[in-house]
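Read the structure below first, then the notes.
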Amino acid sequence: MVFNDLSLILFDKKTWIMIACIAAAVLLLILYISVHFSKGKRKGRAAERKVAKVLKKLGKPDHVRIINNAYLPLYNKACEVDHLVFGRFGVLVVETKGISGTVTGSGKTLTHTIGSKTHKFYNPQMQNKTHIDNVIHHLKKGGFDKTPVNGAVVFSDKDIEFPSEIGMDLKGLEKYYSSLPDAGCNQDVLYNYFSDMQVKNPFKKMWIRTRKKND
């Protein structure tokens, strides 16, 4: 009788743990969906698709390889890079912003004004520097120390004004891409290396997406 009671208690504990895990997964899924389908997120995804299309067109003659929305390990966490471009020039790390209006300021925090509304946001150049440093770290770890790494912050919307030191528009991206020198890198090897290291855990990817800025 005691044995049966003990088994029931243990079974109940396991059941509650399972229920708690399912509830946490459902809450995370709801949070992800609410952010994923928000107006800001939809606009951000549209901007990323626009830039991805331009990058694909620019790199087609040179057979570049591209990973869009790359999830890379960052210490015990991970980070999402909008576009990783691999070519004979090395690696190009691109951060895309799909906002309109006016961006002003310098340093760590910038001001975004659209109509009568203003808000502060993290300087995308610094955001992209974190991504670039992460890419450099992985390159060194894989023995690709001499691979050049370049970065670009791209504002995809036509109705946007911003300081030139903050980023570039789509035409600026074309000019910048054309200026990248041939470093004799093997884009296929680099592409496969970063493809293999990507974070595969869907829950971790959801969490990264929910934390990422909508700008």
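Everything quoted here is computed from the prediction, not taken from an experiment.
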**Message:** Could you check whether Lys120 and Thr111, counting side-chain N and O atoms only, form a donor-acceptor pair closer than 3.5 Å?
**Reply:** yes
**Asked** Same cluster for Leu72 and Val94 if Ile/Leu/Val/Met/Phe/Trp/Tyr side chains link at under 4.5 Å?
**Response** no
**Euclidean distance, Asp133 CG relative to His138 NE2, rounded to 0.5 Å** = 11.0 Å
**Prompt:** Given the rule in the side chain to side chain contact (heavy atoms under 4.5 Å, CB included) test, do Ile114 and Ile99 qualify, once you have shown the distances and angles that lead to the verdict?
**Reply:** CA-CA 9 Å; Ile114 179 167; Ile99 57 177; over 6 Å; no
**Prompt:** Any salt bridge between Lys50 and Glu48, counting N to O under 4.0 Å?
**Reply:** no
**Prompt:** Would Met197 end up clustered with Val149 when hydrophobic side chains under 4.5 Å apart are linked, directly or stepwise?
**Reply:** yes
**Request:** State plainly whether one hydrophobic cluster holds both Val64 and Leu190, where clusters connect Ile, Leu, Val, Met, Phe, Trp and Tyr through side-chain heavy atoms under 4.5 angstrom apart.
**Result:** no
**Message:** Under 4.5 Å between side-chain heavy atoms, counting indirect links through other Ile/Leu/Val/Met/Phe/Trp/Tyr residues: same cluster for Val103 and Val153 or not?
**Reply:** yes
**Whether Gln187 side chain and His63 backbone form a donor-acceptor pair below 3.5 Å** = yes
**Request:** List the steps, then state whether side chain to side chain contact (heavy atoms under 4.5 Å, CB included) holds for Phe162 with Leu110.
**Result:** CA-CA 10 Å; Phe162 55 89; Leu110 305 178; over 6 Å; no
**Within 6.0 Å of NZ in Lys129, more than 12 heavy atoms from elsewhere** = no
**Asked** Is there a donor-acceptor pair under 3.5 Å between the side chain of Asp157 and the backbone N or O of Ile160?
**Response** no
**CG on Asn128 to CG on Asn134, rounded to 0.5 Å** = 11.5 Å
**Message:** Between Asp188 and Arg65, does any NZ, NE, NH1 or NH2 come within less than 4.0 Å of an OD or OE carboxylate oxygen?
**Reply:** yes
**Request:** Describe, in one word, how the ring planes of Phe121 and His112 are oriented to each other, choosing from parallel (under 30°), tilted (30 to 60°) and perpendicular (over 60°).
**Result:** perpendicular
**Message:** Tell me whether Asp145 is salt-bridged to Lys140, with the criterion being a basic N under 4.0 Å from an acidic carboxylate O.
**Reply:** no
